[in-house]
Amino acid sequence: MKIPPHRLSGSGHIENYRHVPYALIFPLYLVIFFVTEQIVTDNYWVSYLPLDAHIPFNEWFVIPYVLWYPFMLVTGFYLMFHDAVEFKRYMLYIAVGFYGACVVYLLFPNGQDLRPAQMPRENVLTTILGWLYAHDTNTNVLPSTHVIGCMGVCFAVFHCKRIHSTLLKAGTVFLALLICASTVFVKQHSILDFFVAVPFSLLVYWIVYHIGWPKLRREAKKAT
């Protein structure tokens with residue numbers, strides 16, 4: 001009788017979990033980003049387009065803004081346990097995209113000056129947003145990692161052979177677009193950060209899924 005892979009012991013069991021260390025890519029990014037935040041504090045180029053002046057502040061968008069974190073993590077955990085190849089590609093996308101963004105921040109210090117000087121209202125949402133403002137500075141915004149991450153989730157979901165639900169895929173795209181929109185409505189980003197992040201993300205996708213790591217591409221083809 002053939003034993004299912006997840007019930008194998010010994011070297012077979014270890015083989016099934018060799019992709020797990022790729023998960024360290026995300027916490028390492030958080031450390032690098034924190035260091036970058038301490039380096040780039042002032043004397044930055046201001047990210048701005050005239051369109052920003054026509055985008056109103058709306059604290060309700062802080063809800064999808066903070067959903068970015070579970071959006072990224074849930075996708076990562078699902079792939080970790082159900083699709084090792086796509087998990088590795090997802091984490092490599094994060095490595096190239098997020099680390100690459102940090103390189104941009106260091107070589108081209110940037111920030112935005114769109115935050116309201118005072119909250120127009122006092123409620124739970126503005127309180128949460130005030131906390132975010134205090135812990136996430138207005139620097140290192142172009143390209144937006146929120147947008148890079150959202151596009152990475154969409155790429156991963158659409159490439160995962162285990163996900164067949166059209167509704168789930170549509171919901172993923174909808175939430176990704178909502179999160180991207182939230183970045184400008186809560187004044188964490190200029191619309192320019194979005195416009196730069198989109199082609200940046202497509203470049204990262206091309207590198208990870210079509211140029212680099214040919215072994216992963218072969219593994220992905222075998223899984224079809």
Side-chain angles (χ1 to χ4, degrees), residues 26 29-73 93-94 96-154 172-204:
F26 191 76
Y29 156 72
L30 294 177
V31 173
I32 294 173
F33 182 75
F34 176 78
V35 172
T36 305
E37 286 276 85
Q38 309 309 307
I39 295 173
V40 182
T41 57
D42 53 17
N43 296 321
Y44 53 80
W45 179 83
V46 178
S47 178
Y48 178 79
L49 284 179
L51 181 58
D52 290 314
H54 300 282
I55 300 175
F57 169 84
N58 190 318
E59 69 268 26
W60 281 96
F61 278 91
V62 74
I63 297 174
Y65 186 85
V66 299
L67 282 177
W68 180 79
Y69 301 95
F71 192 49
M72 297 283 299
L73 291 174
Y93 173 93
I94 290 175
V96 177
F98 286 14
Y99 297 176
C102 286
V103 171
V104 174
Y105 303 152
L106 292 171
L107 296 179
F108 181 59
N110 59 76
Q112 53 86 8
D113 296 332
L114 297 168
R115 293 178 174 181
Q118 185 175 358
M119 292 294 177
R121 294 165 292 279
E122 290 188 9
N123 52 48
V124 174
L125 298 176
T126 55
T127 299
I128 295 172
L129 194 52
W131 185 88
L132 284 173
Y133 282 179
H135 292 83
D136 188 1
T137 71
N138 63 320
T139 57
N140 306 316
V141 295
L142 183 151
S144 166
T145 51
H146 260 60
V147 175
I148 297 170
C150 283
M151 293 185 67
V153 169
C154 291
T172 299
V173 173
F174 176 76
L175 182 54
L177 291 172
L178 194 61
I179 292 172
C180 290
S182 74
T183 65
V184 294
F185 281 103
V186 299
K187 301 302 178 181
Q188 281 288 83
H189 284 278
S190 162
I191 191 67
L192 179 61
D193 306 333
F194 168 81
F195 288 148
V196 172
V198 170
F200 184 90
S201 301
L202 293 174
L203 175 62
V204 175

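All values derive from a computational prediction rather than experimental measurement. Side chains are part of it too, since the values below use all heavy atoms of this structure and drop only hydrogens, waters and symmetry mates.
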- Query: Of all residues at least two apart in sequence or in a different chain, which pass the side chain to side chain donor-acceptor pair (under 3.5 Å) check with Thr127?
  - Reply: none

- Partners of Phe185 by ring pair (Phe, Tyr, Trp, His ring centres under 6.0 Å), sequence neighbours excluded? Phe61

- Message: Applying salt bridge (Lys or Arg N to Asp or Glu O under 4.0 Å) as the test, list every pair that has at least one member in residues 117-143; sequence neighbours left out.
- Response: Glu59-Arg121

- Item | Any residue meeting side chain to side chain donor-acceptor pair (under 3.5 Å) with Tyr29, in chain and number order, not counting sequence neighbours | none

- Query: Would a 4.5 Å heavy-atom cut-off, applied to side chains only, mark Tyr133 and Gln188 as touching?
  - Reply: yes

- Item | Nearest-0.5 Å distance, CG of residue Asn140 to CD of residue Gln112 | 11.0 Å

- Criterion side chain to side chain contact (heavy atoms under 4.5 Å, CB included) on Phe174 and Thr172, from CA distance to verdict: CA-CA 5 Å; Phe174 176 76; Thr172 299; over 6 Å; no

- Task: Go through the structure and list residues passing side chain to side chain contact (heavy atoms under 4.5 Å, CB included) with Val184, not counting sequence neighbours.
- Result: Ile55, Ile191

- Message: Among Val35, Ile32, Ile39, which residue satisfies the side-chain contact (heavy atoms from CB on, under 4.5 Å) criterion with Leu106?
- Response: Ile39

- Only counting residues at least two apart or in another chain, list the ones meeting ring pair (Phe, Tyr, Trp, His ring centres under 6.0 Å) with Tyr65. His146

- Message: Tell me whether Asn58 contacts the main-chain N or O of Pro56 through its side chain, where contact means a donor paired with an acceptor under 3.5 Å.
- Response: no

- Measure the shortest side-chain to side-chain distance between Thr183 and Trp68 over non-hydrogen atoms and say whether it is less than 4.5 angstrom. no

- Message: I'd like to check the side chain to side chain contact (heavy atoms under 4.5 Å, CB included) partners of Cys180; sequence neighbours left out, ordered by chain and number.
- Response: Val147, Cys150, Phe194

- Item | Contacts of Phe71 that satisfy ring pair (Phe, Tyr, Trp, His ring centres under 6.0 Å) - sequence neighbours left out | none

- Okay, side chain of Thr36, backbone of Cys102: is any donor-acceptor separation there less than 3.5 Å? no

- Query: When you measure from the side chain of Tyr99 to the backbone N and O of Ile94, does any donor-acceptor pair fall under 3.5 Å?
  - Reply: no

- Note on the structure: The reported gap from CG in Asn138 to NE2 in His189 (rounded to nearest 0.5 angstrom) is 10.5 Å

- Query: side chain to side chain contact (heavy atoms under 4.5 Å, CB included) between Ile148 and Tyr93: does it pass, once the steps are laid out?
  - Reply: CA-CA 9 Å; Ile148 297 170; Tyr93 173 93; 3.7 Å; yes

- Task: Would you name the heavy atoms of Met119 and Gly130 that are closest together and state the gap between them?
- Result: CE-N, 3.9 Å

- The side chain to side chain donor-acceptor pair (under 3.5 Å) partners of Thr126 (sequence neighbours excluded) come to Asn123

- Closest heavy-atom pair and its distance - Cys154, Ala176: SG-CB, 3.7 Å

- Kindly compute the distance separating CD1 (Ile128) from CD1 (Ile63), expressed to the nearest 0.5 Å. 7.5 Å

- Task: Taking the side chain as every heavy atom from C-beta outward, state whether Phe33 and Phe98 have any atom pair closer than 4.5 Å.
- Result: no

- Tyr105 versus Thr145: any side-chain heavy-atom pair under 4.5 Å? yes

- Are Val204 and Phe200 close enough that some pair of their side-chain heavy atoms sits under 4.5 Å apart? yes

- Could I get the full list of ring pair (Phe, Tyr, Trp, His ring centres under 6.0 Å) partners for His135, not counting sequence neighbours? Trp131

- Could you list the residues that satisfy side chain to side chain contact (heavy atoms under 4.5 Å, CB included) with Thr41, not counting sequence neighbours? none

- For Val40 and Thr139, the nearest pair of non-hydrogen atoms, with its separation, is O-OG1, 3.1 Å

- Query: Partners of Ser47 by side chain to side chain contact (heavy atoms under 4.5 Å, CB included), sequence neighbours excluded?
  - Reply: Trp45, Val141, Leu142, Ser190, Leu192, Asp193

